[in-house]
Protein chains: 4
Amino acid sequence: MRPENKPTGQESGSFIERARRAQIIASAIEVIADQGFANASLARIAKHAGISKGVISYHFAGKDELMEQVVDQVYADIARYVLERMEGHKSATALLRTQITAVAQHMREHRSQVKALGEIFYNLRLPDGTPRYGVAASEELFQSLELIYRHGQESGEFRLFDVRVMAVSHTAAVDNMFAYWVTHPGHDLDAHARELADIFVHATRAEGALP
Amino acid sequence: MRPENKPTGQESGSFIERARRAQIIASAIEVIADQGFANASLARIAKHAGISKGVISYHFAGKDELMEQVVDQVYADIARYVLERMEGHKSATALLRTQITAVAQHMREHRSQVKALGEIFYNLRLPDGTPRYGVAASEELFQSLELIYRHGQESGEFRLFDVRVMAVSHTAAVDNMFAYWVTHPGHDLDAHARELADIFVHATRAEGALP
Amino acid sequence: MRPENKPTGQESGSFIERARRAQIIASAIEVIADQGFANASLARIAKHAGISKGVISYHFAGKDELMEQVVDQVYADIARYVLERMEGHKSATALLRTQITAVAQHMREHRSQVKALGEIFYNLRLPDGTPRYGVAASEELFQSLELIYRHGQESGEFRLFDVRVMAVSHTAAVDNMFAYWVTHPGHDLDAHARELADIFVHATRAEGALP
Amino acid sequence: MRPENKPTGQESGSFIERARRAQIIASAIEVIADQGFANASLARIAKHAGISKGVISYHFAGKDELMEQVVDQVYADIARYVLERMEGHKSATALLRTQITAVAQHMREHRSQVKALGEIFYNLRLPDGTPRYGVAASEELFQSLELIYRHGQESGEFRLFDVRVMAVSHTAAVDNMFAYWVTHPGHDLDAHARELADIFVHATRAEGALP
DNA sequence: CATGAATGAGGTTTCATTCAT
DNA sequence: AATGAATGAAACCTCATTCAT
């Protein structure tokens, strides 16, 4: 019997406990990234980790909890990585460029994690059949992007536009940059990111004021 | 035994044969749009169509072939719809706007089809676990968008940019417009499309030349 | 896909359908009577019937439905058997004696059925853990016995007593007669039944009026 | 390693050893009474006791031994309680009444214990699937009741009847009194017991000699 | 003396597919 | 051309038990 999860931010459980959970989460990420969500059975995840199937059930309440832990961890990693790199920048334009290029860097260094995140986001469903995450789950991300866009509009850097549509399109373009890179090995991710940043810089530019 | 499928574009089989296949494809679309790819078992599709499970196996080589037929049909519908509306326009800018708004109109009128298309695109896998359609499958779409963008660059309407990145981002933004609309009932799809067209018009604009 | 059960009294399904269901129910009865409820897995029931596990899932919504069908059938058999033999008797005393001896006869001829019924009654639980049947489920039986007892009190054959306590005790004594017989092969069930009838005849007798 | 259990009546092991075993037995009783035998996993029993699962394995050879210890303890409690109250009574009729009412009192005061006892009696099986306790296990109880009945027949208080059938029916009626009370909160257990005593007093009465 | 960790068997259920009719 | 019936694999989950520490 594993002690019930303490949903606090604080790490819980013994050292071994945490190590096993991390190992299982890592294995899940690799299997999902490699074989897709639908093929990522507990059996495969366990086999990939070199452990017995029961171990997963021992450390996680069920498959859903494991998936949610994967999402939580990967999402937190991305957010930390990107926010660190955005610190210090003042202008909305710089923030915008930095966000896109930082995400791209993180993707290049954590390809499997990001892929697994996307798979789970798209596929995990609640018992009633409705998506567990969905576009709705990106609300937090939308809002943080809207902060940048609104900041640019207020400072006069950006023209007036619907910040929600811009945020949704921004998110989509970044996500697909990743998907495109994954399926086109050899594609220059950093160049793509720079081009994408250019696109949104132009798209948001106040009339007659290109930098 | 059913005669093997002729993979030509030409309709094959008797009238009844074609009608049954169409009925099954329509049922599959509705079930997938409603319950998601993972919950769209042949049993559910058959039940929804009011027929026996065996009929599907009789008319399609397997589940995968059914899914591919759904994709083919829906994809062809979208292409026809959008191309019809683009005809007659000359300027790249007009073509760009029209493409985006026409897709949005089609989405509004064929919500289930588009949703099912997305589900299959994202979820269907080959036996070895790799995606059946990945971003790679959008190659045809990318190229047709690139035609527009290159046309604009040659006519001087558009600035110089990487047309592939622009096409990928364009596709992504349109896809997510749909996803956002699906999960946010009441969202104004047409307004979103107009804003999105504005975004790409600005993003592509030759310097100092806003219309 | 099996057509959903029509909960009407009318038999539903094709001939083969009904035959398979009957076969599976019979197999379940034998396995439960032989190995006990806890050991009566679907695998064992299927093996005993010489069919695949999946067949059971095909014909019954789940294990619980199978168990309930067993109860329904066995219970109806007993009721029919006993009521047939009680018909024509007028005096409460005769009805009482007949009920007990008829049940005993039925038990002797349908040992497995009765045993399985008891096992399911005692063990089957709802998803929330509460008993599916329980003493509460015997309410119908209690009330029919109370009719006899009240009839005897009104006719003056029986003394005054709490008919509910008498019915509960009666039910218990009959059930345990069966259980005792099951565990003591060679025990004379009919003699036991006659003795038991004597006990309740004496227990109910109006003072000073033994027949 | 724990020293093997000494199956003597004498308490064995250190103080801590005995305390732990008692604690575990008590927890098992509560869980079984609450959730039923089938849902009383070692995990749940351990959790309810606030200890680790391993402790149970340490102190008991296995689940079966734990169950048997529960039976032994509860059974001994009941016997002691009832026998104490029967002491001093001489007439068979008084002994009969006292036995029934004393058992009822004990039930009211030790509801969980009695419920757990019944669950285990009915459900525990030997590895080969046969019941560990069946009606056969009540032999001791039957014989002690038979002593009373034979005593009454010899003293002339009781009519002639088959003492085994009477004892079996008596046991059944008392057991079901408990089951009925458990499922009908608010039912008057003491009144039920008095009625039940009346029933057996009448059932055993020598003709023409009601007290 | 106690624990946390791990195991692997076995449970029910869902599913795509095959086949005789 | 269609159906109902059957299959067996694979999924997730629970559990009693074992073992190193």
Side-chain angles (χ1 to χ4, degrees), chain A residues 1-3 13-17 19-21 38-46 51-66, chain B residues 1-3 13-14 16-17 19-20 38-46 51-66, chain C residues 1-3 13-17 19-21 38-46 51-66, chain D residues 1-3 13-14 16-17 19-20 38-46 51-66:
Chain A
M1 254 186 321
R2 196 176 54 80
S14 69
F15 170 75
I16 292 185
E17 164 81 11
R20 261 281 187 255
R21 285 173 71 93
N39 296 331
S41 67
L42 291 189
R44 258 192 269 260
I45 293 171
I51 57 177
S52 153
K53 238 185 341 178
V55 188
I56 301 182
S57 293
Y58 178 77
H59 288 282
F60 296 88
K63 192 182 191 182
D64 288 359
E65 198 212 313
L66 172 56
Chain B
M1 272 297 143
R2 192 177 54 83
S14 71
I16 290 186
E17 166 80 10
R20 263 279 189 255
N39 295 332
S41 67
L42 290 189
R44 260 190 269 259
I45 293 170
I51 59 177
S52 155
K53 239 187 332 178
V55 188
I56 301 181
S57 296
Y58 180 79
H59 287 283
F60 296 89
K63 194 183 189 182
D64 289 358
E65 199 213 314
L66 170 56
Chain C
M1 253 186 325
R2 197 176 54 82
S14 69
F15 170 75
I16 292 184
E17 165 80 11
R20 261 282 187 257
R21 285 173 69 93
N39 295 332
S41 68
L42 291 188
R44 257 191 270 260
I45 293 171
I51 58 177
S52 154
K53 239 187 335 178
V55 186
I56 301 181
S57 293
Y58 177 78
H59 288 282
F60 296 89
K63 193 182 190 181
D64 288 358
E65 199 211 312
L66 172 56
Chain D
M1 273 298 144
R2 191 175 56 81
S14 71
I16 291 185
E17 165 79 11
R20 263 281 189 254
N39 295 332
S41 67
L42 290 188
R44 259 191 268 260
I45 293 171
I51 58 178
S52 155
K53 240 189 331 178
V55 189
I56 300 182
S57 295
Y58 180 79
H59 287 282
F60 296 89
K63 193 183 189 182
D64 289 358
E65 198 212 314
L66 170 57

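Remember, it's a predicted structure, so these values are computed and weren't measured experimentally. Every chain is numbered from 1 and lettered A, B, ... according to where its sequence line falls, protein lines coming before strand lines.
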So if I take every side-chain heavy atom of Arg20(B) and compare against dT3(F), dG11(E), dA6(F), which nucleotide ends up nearest?
dT3(F)

Please report, rounded to the nearest Å, how far the P atom of dA6(F) is from the CD1 atom of Ile16(C).
7 Å

If you pin Ser41(D) and Ala40(A) to their nearest nucleotides in DNA chain F, which one's is more 5'?
Ala40(A)

May I ask you to evaluate whether Arg44(D) reaches the phosphate of dC15(F), defined as a side-chain N or O under 4.0 Å from OP1 or OP2?
yes

Whole angstrom is fine here: how far is it from NE2 in His59(A) over to P in dT14(F)?
15 Å

Of the candidate nucleotides dT3(F), dG11(E), dA6(E), which contains the atom at the shortest distance from the side chain of Val55(B)?
dT3(F)

Calculate the interatomic distance between Ile56(C) atom CD1 and dT7(F) atom C1'; express it in whole Å.
13 Å

Tightest non-hydrogen contact, residues Leu66(B) and Ile56(B), listed as CD2-CG2, 4.1 Å

Which atom names give the shortest non-hydrogen contact between Arg21(A) and His59(A), and what distance separates them?
NH1-O, 2.7 Å

Distance check, rounded to the nearest 0.5 Å: Ile45(A) atom CD1 versus Asn39(A) atom CG?
11.0 Å

What nucleic acid atoms does Ser52(A) come within less than 4.0 Å of, heavy atoms only: base, sugar-phosphate, or nothing?
base

Between dC13(F) atom C1' and Phe60(A) atom CZ, what is the distance in whole Å?
16 Å

Interatomic distance where CZ belongs to Phe15(A) and C1' belongs to dT3(E) [whole Å]:
18 Å

Distance, nearest 0.5 Å, that separates OG of Ser57(C) from NZ of Lys63(C):
11.5 Å

Rounded interatomic separation in angstrom, taking CD from Glu65(D) and P from dA16(F):
15 Å

Residue met sooner reading DNA chain E from 5', once Ala38(B) and Ile51(A) are mapped to nucleotides:
Ile51(A)

When pairs are called at under 3.5 Å and a stem needs at least three consecutive Watson-Crick or G-U pairs, the stems of DNA chain E are E:2-21 with F:2-21

Tabulate protein N/O versus nucleotide N/O from nucleotides 17-21 of chain E, keeping only pairs under 3.5 Å, one per line.
from: dT17(E); atom 1: OP2; to: Lys63(B); atom 2: N; distance (Å): 3.1
from: dT17(E); atom 1: O4; to: Lys53(B); atom 2: NZ; distance (Å): 3.3

Expressed as a whole number of angstroms, how long is the span from Asn39(A):CG to dA9(F):P?
18 Å

Rounded interatomic separation in angstrom, taking OH from Tyr58(A) and P from dC12(F)
21 Å

Is Arg20(C) close to Tyr58(C) at the side-chain level, that is, under 4.5 Å between some pair of heavy atoms?
no

